[in-house]
**Student:** 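Take a look at the following structure, please.
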Amino acid sequence: MQKPQWKGNPEPPPKLYVAWQSSAVTCLVVGGVEGGRICQSSMRCRAGHGRGRIALWSQSMDAWLSQGRTKKRKVDDTVQQHEPVKRTKSENETKPRPQQKSAISRPDSTKTAQPDKPDHVLVVTEEEGDIFDAPPNTLIIHACNCDGSWGGGIALAFKKHYPDAYGKYAAHCKRSGGDLVNTAYLIPPQAGDDSKHFVGCLFTSRHYGRRKDSPTKILAATKPAMLDLLKQVKEFNAKADEGDRVNEVRICKINSGLFKVPWAKTRTVLEGIDVSAEDVKELKVVSPEE
Ligand SMILES: Nc1ncnc2c1ncn2[C@@H]1O[C@H](COP(=O)(O)OP(=O)(O)OC[C@H]2O[C@H](OP(=O)(O)O)[C@H](O)[C@@H]2O)[C@@H](O)[C@H]1O
């Protein structure tokens, strides 16, 4: 575990609680410090600190930081300052939470959702292989336009593997009049399809080709679209028999081909998604060997 960056000050820091998540969703710190001792802390960080939005911050911490540091952390306009939260920590909170191992988990009714402190952000792993060579009950996700076209890139491969799913996707686009950005469409395995694969469509751009949305818009649509898909998976699994549920989730490097958004940016968005309330905790990115 990495310590937050307040070393260098000879005095112990005042009591504070920090919930910190960067706007670019690269770093998450949820922790507490009291009398110089870290009482509870967990951190995911893949791209460094410093761009964070601090949601809870002790007033006295600012003064403490400015004593001990020549360069104070730059805090953006979105910072909200609060007095430290006063509460007693339970024994459980002082221990690191075990990492969720399964991609899909059943809901734990004993947990209460705490919006400021996600229990889980989506775990994204990458491997080489054929995304379509997946076991039954795998959900395979790709990014889509809202025009009802799977005309190029991996979408064309989806059309060939799952022609019935393409029909459902095209009808869904037609029904909605094309206004689907920020949403998703879960297509369960079609009758007669031995693969028993689910298809997940993330509507991240209004149009395709030269009329596709800008990378900024595509990235902004990626998180709500993914959350919508995860919600649909949860609803589906809640009603389905055990052998019919989504068991594993695979995704290609969405947005990075015809949509021309660098994969690292999309990955950063995906890794910041709070999945505390979702069944799916893990995404496996599968791409062909380079
Ligand atoms: N057979 C294969 N197996 C495994 N991975 C494969 C593959 N073929 C390509 N990839 C990779 O899959 C990633 C995504 O790249 P893509 O260009 O597909 O998708 P995107 O998300 O950027 O853009 C979506 C729009 O593209 C489509 O085509 P249309 O606009 O309809 O013509 C849609 O309908 C949307 O509109 C890149 O890493 C590709 O290397």
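Note that ligands are numbered from 1 as they come in the structure, with each ligand's atoms numbered from 1 the same way. As a basis for the values below, the full set of heavy atoms in this structure was taken, side chains included, without hydrogen atoms, waters or symmetry mates.
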**Student:** Could an N or O of ligand 1 be found under 3.5 Å from any N or O of Gly257, whether backbone or side chain?
**Tutor:**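 Looking only at distances, the answer is yes, because the N/O contact criterion of under 3.5 Å is met.
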
**Student:** So, Lys281 side chain and Val275 main chain: donor-acceptor pair closer than 3.5 Å or not?
**Tutor:** yes

**Student:** With a cut-off of 4.0 Å, which atoms of ligand 1 are near a heavy atom of Ile254?
**Tutor:** 21 (O)

**Student:** Only heavy atoms of Tyr208, strictly under 4.0 Å: list the atoms of ligand 1 that pass.
**Tutor:**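 This gives 30 (O), 36 (O) as the contact atoms.
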
**Student:** Of the protein's non-hydrogen atoms, which lies at the shortest distance from atom 29 (P) of ligand 1, and what is that distance?
**Tutor:** Gly152 N, 3.7 Å

**Student:** Any chance the side chains of Asp147 and Ser149 put a donor and an acceptor closer than 3.5 Å?
**Tutor:**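 Short answer, no.
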
**Student:** Please name all residues satisfying side-chain hydrogen bond (donor to acceptor under 3.5 Å, both in side chains) with Ser205, sequence neighbours left out, ordered by chain then number.
**Tutor:** none

**Student:** Which of the numbered atoms in ligand 1 are below 4.0 angstrom from a heavy atom of Ala155?
**Tutor:**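 Listed by number with element: 27 (C), 33 (C), 34 (O).
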
**Student:** Below 4.0 Å from ligand 1: does a non-hydrogen atom of Pro288 turn up there or not?
**Tutor:**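 Yes; Pro288 lies near enough to ligand 1 that a heavy-atom distance drops under 4.0 Å.
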
**Student:** Between Phe259 and ligand 1, is there a nitrogen or oxygen pair with a distance under 3.5 Å?
**Tutor:**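 Between Phe259 and ligand 1, an N or O pair is found under 3.5 Å apart.
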
**Student:** Give me the ring orientation class for Tyr169 and Phe203: parallel if the planes are under 30° apart, tilted from 30 to 60°, perpendicular past 60°.
**Tutor:**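 Parallel: the ring planes of Tyr169 and Phe203 meet at under 30°.
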
**Student:** What do you reckon, is CD of Glu242 surrounded by more than 12 foreign heavy atoms closer than 6.0 Å?
**Tutor:**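 Open.
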
**Student:** Would you mind checking which non-hydrogen protein atom is closest to atom 38 (O) of ligand 1, with the distance to 0.1 Å?
**Tutor:**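 For atom 38 (O) of ligand 1, the nearest protein heavy atom is Ser256 OG, 3.1 Å.
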
**Student:** Protein heavy atom under 4.0 angstrom of atom 5 (N) of ligand 1, is there one?
**Tutor:**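 Looking at atom 5 (N) of ligand 1, one finds that a protein heavy atom does lie closer than 4.0 Å.
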
**Student:** Is a donor from one side chain sitting under 3.5 angstrom from an acceptor on the other, for Thr183 and Asp228?
**Tutor:** no

**Student:** Would you say the ring centers of Phe259 and Tyr208 fall short of 6.0 Å from each other?
**Tutor:**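 No.
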
**Student:** Parallel, tilted or perpendicular: which describes the rings of Trp150 and Phe158, with under 30° parallel and over 60° perpendicular?
**Tutor:** perpendicular

**Student:** Where is the nearest protein heavy atom to atom 34 (O) of ligand 1: which residue, which atom, and how far?
**Tutor:** Ser149 O, 3.0 Å

**Student:** Quick one: side chains of residues 132-143, donor-acceptor pairs under 3.5 Å with protein atoms, not counting sequence neighbours, listed by atom name and distance.
**Tutor:**
unit_1	atom_1	unit_2	atom_2	d
Asn137	ND2	Gly243	O	2.9
Asn137	ND2	Arg245	O	2.9
Thr138	OG1	Pro135	O	2.6

**Student:** Considering only non-hydrogen protein atoms, determine which one is nearest to atom 1 (N) of ligand 1 and report residue, atom name and distance to 0.1 Å.
**Tutor:**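 Scanning the protein heavy atoms, the shortest distance from atom 1 (N) of ligand 1 goes to Ala157 CB, 4.0 Å.
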
**Student:** Would you say Ile154 and ligand 1 have an N/O pair spaced under 3.5 Å apart?
**Tutor:** yes

**Student:** Which atoms of ligand 1 have any heavy atom of Ala143 under 4.0 Å away?
**Tutor:**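 Once the distances to Ala143 are compared, the set is 21 (O), 24 (C), 33 (C), 35 (C).
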
**Student:** Please lay out, stage by stage, how Asp179 and Arg206 fare under the test salt bridge (charged side-chain N to carboxylate O under 4.0 Å, His left out).
**Tutor:** CA-CA 7 Å; Asp179 189 15; Arg206 172 72 182 79; 5.9 Å; no

**Student:** Write out the residue and atom name of the closest protein heavy atom to atom 20 (P) of ligand 1, then the distance separating them to 0.1 Å.
**Tutor:**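 I find the closest protein heavy atom is Asn255 N, 3.7 Å.
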
**Student:** Please report which non-hydrogen protein atom sits nearest to atom 36 (O) of ligand 1, along with the residue it belongs to and the distance in Å to one decimal place.
**Tutor:** Asn145 ND2, 2.8 Å

**Student:** Identify the closest protein heavy atom to atom 13 (C) of ligand 1: which residue and atom is it, and at what distance?
**Tutor:** Lys253 O, 3.4 Å

**Student:** Out of all atoms in ligand 1, which are within 4.0 Å of some heavy atom of Gly153? Include the element for each.
**Tutor:**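 Atoms satisfying the 4.0 Å criterion: 18 (O).
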
**Student:** Specify the protein heavy atom at minimum distance from atom 17 (O) of ligand 1: its residue, its atom name, and the distance to 0.1 Å.
**Tutor:**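 Protein heavy atom with the smallest distance to atom 17 (O) of ligand 1: Leu258 N, 2.7 Å.
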
**Student:** Do the side chains of Ile273 and Val233 join up, straight or via other hydrophobic residues, at under 4.5 Å, putting them in one cluster?
**Tutor:**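 Same cluster: Ile273 reaches Val233 through Ile, Leu, Val, Met, Phe, Trp or Tyr contacts under 4.5 Å.
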
**Student:** Return yes when at least one protein heavy atom is under 4.0 Å from atom 24 (C) of ligand 1, and no when none is.
**Tutor:** yes

**Student:** Take atom NZ of Lys196 as the centre, draw a 6.0 Å sphere, and report whether it contains more than 12 heavy atoms from other residues, nucleotides or ligands.
**Tutor:** yes

**Student:** Is at least one protein non-hydrogen atom found at under 4.0 angstrom from atom 11 (C) of ligand 1?
**Tutor:** no

